[in-house]
Amino acid sequence: MEIRARELSGSYPAPGRFGLALGRRTVVREVSFTVAPAEVVALAGRNGAGKSTTLRLLAGLVRADRGDALLGAVPATRSEARRRLGYLAEEDEFPAGLKVREILRYAAVLAGYRGSEARREAERAAAAVGLEDCLTRPATGLSRGVRRQVSLAQALLGGPRALVLDEPLTGLDPEARVRSLAAIRSAAQEGAAVILSLHEAAAIESLADRLIVLVDGAVASAGPVGDFVAKAGKDWSAAGASGGWLAAALNGASPPVP
């Protein structure tokens, strides 16, 4: 199932004095791209560039001011689109007191599994990201990185046809990073279209097929990850530094938007 942004724009109420909203502040500006089935696209940009809002628009959690966010041919805001979507939010939120196993089983039930099938799907998703030893622990007492793994396991439940992931590697230790990257890559290999925000060059090189760079809510550059890296090797002054190609891309020295 394709993920498509078509001249997509979005805004939020602009805060004013005394808590009153004074108009709206546009944070995503006429963004267009397509993520094909079995493709991984990384979204990069400085803080405030519009990455999280773009992902929320694609997940149907924010209504667009203009343009379209589509999962397949269906608007992302419609329930039939979201049933085939796995979404990882910027922050991890779980019901107080529930253990990891209970959270994942409940998510499996919401995905359409019942009884022993729900239990097996919950345990499969937990194992995929390395949570086997945490199933009996309350999620709210876990470290930031482990909570991130729980959220990723929720997103992967049920074999979604589209994955929209906001910084899935935040707080992860090296082993958890390897497991999580492998789980995302496996979902793509099984046919899911994947778009995710990342801020580390090594993770982008390891996982993504293409990169989209946002600046002030608009697409500044886009193309295969290999093109960005190759461009750095030839022309960019930052090429000698580890991950320098990404810093150069965020500063505007990047292959043009095709």
Side-chain angles (χ1 to χ4, degrees), residues 1 3 40 52-53 55-63 69 71-72 74-173 175-197:
M1 180 171 70
I3 300 171
V40 180
S52 291
T53 302
L55 296 178
R56 287 174 61 82
L57 285 162
L58 292 173
L61 300 176
V62 176
R63 289 192 176 272
L71 301 178
V74 181
T77 52
R78 289 170 57 175
S79 59
E80 58 263 43
R82 292 204 297 271
R83 279 196 293 268
R84 305 173 70 189
L85 169 73
Y87 174 64
L88 176 77
E90 187 176 14
E91 298 295 333
D92 308 300
E93 297 183 6
F94 310 111
L98 287 187
K99 297 181 173 70
V100 171
R101 175 181 284 119
E102 295 167 335
I103 290 169
L104 296 181
R105 283 186 183 177
Y106 179 64
V109 169
L110 293 179
Y113 294 89
R114 295 293 182 269
S116 60
E117 287 187 348
R119 175 181 56 78
R120 286 194 295 269
E121 178 60 14
E123 292 178 356
R124 182 203 64 79
V129 299
L131 285 171
E132 301 96 321
D133 296 335
C134 300
L135 289 171
T136 60
R137 297 172 61 186
T140 51
L142 297 172
S143 69
R144 175 72 171 95
V146 179
R147 293 199 307 273
R148 205 68 184 143
Q149 289 173 269
V150 176
S151 293
L152 179 57
Q154 283 184 294
L156 294 170
L157 275 162
R161 296 295 83 201
L163 279 172
V164 176
L165 309 175
D166 197 344
E167 296 290 354
L169 305 181
T170 300
L172 270 58
D173 64 35
E175 181 180 356
R177 286 169 58 87
V178 170
R179 296 284 292 271
S180 296
L181 285 167
I184 297 167
R185 190 179 300 112
S186 177
Q189 290 170 347
E190 292 172 6
V194 181
I195 183 165
L196 72 171
S197 59

Work out which heavy atom in [X] is nearest to a heavy atom in [Y]; give both atom names and the distance.
| X | Y | answer |
| --- | --- | --- |
| L157 | A108 | CD1-N, 3.8 Å |
| S52 | D166 | OG-OD2, 2.7 Å |
| P160 | A192 | O-CB, 3.5 Å |
| A81 | L71 | O-CD1, 3.6 Å |

Any side-chain to backbone donor/acceptor pair from [X] onto [Y]? Under 3.5 Å, distance only.
| X | Y | value |
| --- | --- | --- |
| E90 | E167 | no |
| R147 | L142 | yes |
| R179 | A127 | yes |

Q.
Check this for me: E175, atom CD, are more than 12 non-hydrogen atoms of other residues, nucleotides or ligands nearer than 6.0 Å?
A. no
Q: Output, in order, the C-alpha distance, side-chain angles, deciding distance and verdict of side chain to side chain contact (heavy atoms under 4.5 Å, CB included) for L131 and V146.
A: CA-CA 8 Å; L131 285 171; V146 179; 3.8 Å; yes
Side-chain donor-acceptor distances from residues 92-102 under 3.5 Å, at least two apart:
unit_1	atom_1	unit_2	atom_2	d
D92	OD1	R148	NH1	2.7
D92	OD1	S151	OG	2.6
D92	OD2	R144	NH1	2.4
E102	OE1	K99	N	2.8

Roughly how far, to the nearest 0.5 Å, is the CD1 atom of I103 from the CG atom of L135?
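It comes to 10.5 Å.
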Query raised in the report: How far does CD1 of I184 sit from CG of L169, to the nearest 0.5 angstrom?
Result: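 Reported value, rounded in 0.5 Å steps: 6.0 Å.
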For salt bridge (charged side-chain N to carboxylate O under 4.0 Å, His left out), just list the numbers for E117 and R114, CA-CA rounded to whole Å, side-chain angles, deciding distance to a tenth of an Å, and then say yes or no. CA-CA 6 Å; E117 287 187 348; R114 295 293 182 269; over 6 Å; no
